[in-house]
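A quick write-up on the structure given underneath.
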Amino acid sequence: MGDSKAFMIIRREMPKKRTISERVRDYNEVYLPMAEDKLKAQASRCMDCGVPFCHSGCPLGNLIPDWNDLVYRGRWKEAIDALHATNNFPEFTGKLCPAPCEDACVLNINDDPVTIKQVEVSIIERAWKEGWVLAEPPAIRTGKRVAIIGSGPAGLACAQQLNRAGHTVTVLEKDDKIGGLIRYGIPDFKMDKHLLDLRLAQLEEEGILFRAGVIVGVDITAEELRCSFDAIVVATGSIAPRDLDVPGRELGGIHYAMDYLTQQNRKIAGLTVDDAEFISAEGKHVLIVGGGDTGADCYGTALRQGALSVTQFQIHPEPPKDKPELNPWWPTPALILRTGPAHEEGGVRAWGAHTTHLEGDENGNIKALHAVEVERIEKSADGGRQIVPVPGSEKVYPANLILIAIGYTGPHRPGLLNDLGVAFDKRGNVHTDSDYQTNVPGVFAAGDSRRGQSLIVWAIAEGREAAHGVDKYLMGTSRLPLTAYK
Ligand SMILES: Cc1cc2nc3c(=O)[nH]c(=O)nc-3n(C[C@H](O)[C@H](O)[C@H](O)COP(=O)(O)OP(=O)(O)OC[C@H]3O[C@@H](n4cnc5c(N)ncnc54)[C@H](O)[C@@H]3O)c2cc1C
Ligand code: SF4
């Protein structure tokens, strides 16, 4: 434990952000690095609890008090070793995770939690700078071949674990570049993509084979895959978008969030984008339907593209700004207002707003969105939800671009998943046993395709767990570590 009294004296401090006027003019990261002395002071707030709830808040079971202490003492090399022991890609989680560990931190009962995420990202950034992140190829190969379908964080974590266990791993990806949603979904202002490329270079050096631009189920059949590999891991994500089922949906100027975000990410990376097809918010009234992270990413992107106005619709009412003095939700996340950097940059959030219909102009393009204020949400007779509006609350919002960000319905089934013959759970995700094996022997699943649209930290955790299951299937036993939540 760093300093036994620090948590009583030192207040939580977050890293500084670039000014709003500067950051909305580019797509560079919002947060600035934290000075070492400040970071050590923040790490010293950790109480090294007898029962560290941060461990259980983190799906990876990260050894948080250990590396807080090591950072406080300036033992950075040991800190990265402790961090890598449970997390293959701390730069992804350090930059992008909503940090359930901080919600669970014991200090969060009556104070502000330790800045765990900032300590994490600072450790890995230091490690990259010092050249401590090296390839760790296996000493011997088992001769077993594993195909991993999908190169998001679940597929990549699974690949690294299995490769280190000595198996020959091929990652197949339908996009032209490796990385899954980290490559084409998440905007650069949240995480610069050079971090993904650095990590991919390490994975390649370790001997993992990458094949981008291959749609498995089309370019390679499920049958061919089964003949060529000893085990298969489905890590195809869950990006079949939920549609906005209201009159006027067919109008021009209405797009899914992912189509919009992917184009901008490609443009920043200098990749080909069809100019005629490019969806731009410039000079437009932009309405984002959906109050989650994907919506917030559209929000920040639209502001950077020069939108005339940006409004994000959220069906639920505005949560309280502050947590109650004694947070009754601890150690689970508090239902308080969370404001990401994008929401500070301009635009507005419309709370308790429900879209009723969309209105077009004479050319068949979107002109306005009609919405009502939600009084309450009830369960409908068919088990769905029934919106009860506030009488007379209809409002009309001018709109030239509508982005749909109301979630995902599950993994894409036609082709690969149907051809493999895997079973699905009642939520429509790939069903597995506790070893992450599907009903088809030798076929495993991990990440969003198994648990539904979730978080990067969960994808990495599932990739690690599935690797253990595959290794056990191939070798009869496995020494690959399981995560703490199992
Ligand atoms: C816009 C957006 C922003 C997000 N922001 C955050 C955030 O800030 N923090 C956070 O923790 N989480 C965030 N998430 C969620 C997070 O990105 C996902 O939970 C995570 O990426 C899931 O990882 P995965 O490996 O399971 O799947 P994915 O990352 O979705 O990767 C699956 C890959 O499989 C490929 N694939 C699919 N089918 C085939 C096929 N037949 N053949 C070959 N390849 C195939 C896909 O092209 C894709 O590259 C965000 C999600 C979105 C959509
Ligand atoms: S719960 Fe918070 S204070 Fe306790 S060990 Fe974890 S990070 Fe430190």
Side-chain angles (χ1 to χ4, degrees), residues 1-2 7 43 45-58 62-69 92-93 95-102 104-109 111 113-116 119 148-158 171-187 190-191 211-220 222 234-239 241 257-258 260-262 265 292-298 301 331 340 405 407-408 411-412 414-417 419 445-460 462-463:
M1 177 178 188
F7 71 95
R45 293 183 69 233
C46 175
M47 304 184 291
D48 193 11
C49 304
V51 181
F53 275 78
C54 54
H55 272 199
S56 50
C58 174
N62 277 343
L63 306 170
I64 294 162
D66 302 41
W67 34 264
N68 277 335
D69 182 57
F92 302 169
T93 45
K95 295 273 178 187
L96 299 166
C97 192
C101 54
E102 293 189 7
C105 174
V106 176
L107 260 184
N108 203 21
I109 298 179
D111 198 337
V114 175
T115 51
I116 299 171
V119 175
I148 295 180
I149 325 300
S151 67
L156 295 179
C158 191
V171 177
L172 299 142
E173 168 58 55
K174 75 173 167 53
D175 289 341
D176 56 353
K177 289 267 198 182
I178 299 294
L181 286 175
I182 295 188
R183 174 74 66 191
Y184 286 137
I186 288 164
K190 279 167 68 178
M191 191 190 94
R211 301 274 180 273
V214 179
I215 307 174
V216 182
V218 177
D219 300 326
I220 301 177
V234 172
T236 51
S238 169
I239 49 169
M258 269 304 293
Y260 172 67
L261 293 170
T262 301
N265 282 5
D293 276 350
T294 302
D297 291 347
C298 293
T301 304
Y408 303 85
H412 184 70
L416 176 68
L417 297 185
D419 294 350
D448 282 3
S449 59
R450 194 192 86 96
R451 62 181 291 115
Q453 181 71 223
S454 181
L455 294 175
I456 288 161
V457 67
W458 275 110
I460 299 172
E462 293 223 344

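Each ligand, and each atom within it, is numbered from 1 in the order the structure gives.
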Give every pair formed by an N or O atom of ligand 1 and a protein N or O atom closer than 3.5 Å, one pair per line with both atom names and the distance to 0.1 Å, or write none.
from: ligand 1; atom 1: 5 (N); to: Lys190; atom 2: NZ; distance (Å): 3.4
from: ligand 1; atom 1: 8 (O); to: Leu96; atom 2: O; distance (Å): 3.4
from: ligand 1; atom 1: 8 (O); to: Lys190; atom 2: NZ; distance (Å): 2.8
from: ligand 1; atom 1: 9 (N); to: Leu96; atom 2: O; distance (Å): 2.8
from: ligand 1; atom 1: 11 (O); to: Ile456; atom 2: N; distance (Å): 2.9
from: ligand 1; atom 1: 19 (O); to: Asp448; atom 2: OD1; distance (Å): 3.1
from: ligand 1; atom 1: 19 (O); to: Asp448; atom 2: OD2; distance (Å): 3.0
from: ligand 1; atom 1: 19 (O); to: Ser454; atom 2: O; distance (Å): 3.1
from: ligand 1; atom 1: 19 (O); to: Leu455; atom 2: N; distance (Å): 3.4
from: ligand 1; atom 1: 25 (O); to: Pro153; atom 2: N; distance (Å): 3.3
from: ligand 1; atom 1: 25 (O); to: Ala154; atom 2: N; distance (Å): 3.0
from: ligand 1; atom 1: 26 (O); to: Asp448; atom 2: N; distance (Å): 2.8
from: ligand 1; atom 1: 29 (O); to: Leu181; atom 2: N; distance (Å): 3.0
from: ligand 1; atom 1: 41 (N); to: Val216; atom 2: O; distance (Å): 2.9
from: ligand 1; atom 1: 42 (N); to: Val216; atom 2: N; distance (Å): 3.0
from: ligand 1; atom 1: 44 (N); to: Lys174; atom 2: N; distance (Å): 3.0
from: ligand 1; atom 1: 47 (O); to: Glu173; atom 2: OE2; distance (Å): 2.6
from: ligand 1; atom 1: 47 (O); to: Lys174; atom 2: NZ; distance (Å): 3.2
from: ligand 1; atom 1: 49 (O); to: Glu173; atom 2: OE1; distance (Å): 2.6
from: ligand 1; atom 1: 49 (O); to: Glu173; atom 2: OE2; distance (Å): 3.0

query: For the side chain of Asn108 and the backbone of Ala104, is there at least one donor-acceptor N/O pair under 3.5 Å apart?
result: no
Ile460 side, atom CD1; Cys158 side, atom SG - distance, nearest 0.5 Å: 12.5 Å
message: Rounded to the nearest 0.5 Å, what separates atom CG in Leu416 from atom CD1 in Ile149?
response: 6.0 Å
message: Tell me every residue that passes side chain to side chain contact (heavy atoms under 4.5 Å, CB included) with Cys97, counting only those two or more places apart in sequence or in another chain.
response: Thr93, Pro100, Val457
- line: residues 176-185 vs salt bridge (charged side-chain N to carboxylate O under 4.0 Å, His left out), sequence neighbours excluded, gives Asp176-Arg266, Arg183-Asp197
- prompt: Where the side chain of Ser449 meets the backbone of Ser238, is there a donor-acceptor pair that is under 3.5 Å apart?
  reply: no
query: Is the backbone of Gly237 close enough, under 3.5 Å, to the side chain of Asp448 for a donor and an acceptor to pair up by distance?
result: no
task: Would you mind counting protein N, O or S atoms that sit less than 2.8 Å from atom 4 (Fe) of ligand 2?
output: 1
field: Side chain Asn68, main chain Ile116, donor-acceptor under 3.5 Å
entry: no
task: Below 4.0 angstrom from a heavy atom of Ile116, which ligand 2 atoms are there? Numbered from 1 as shown, please.
output: 7 (S)
query: Glu462 side chain to Gly447 main-chain N or O, any donor-acceptor pair under 3.5 Å?
result: yes
Donor-acceptor contact present, side-chain Gln453 to main-chain Tyr408, <3.5 Å: no
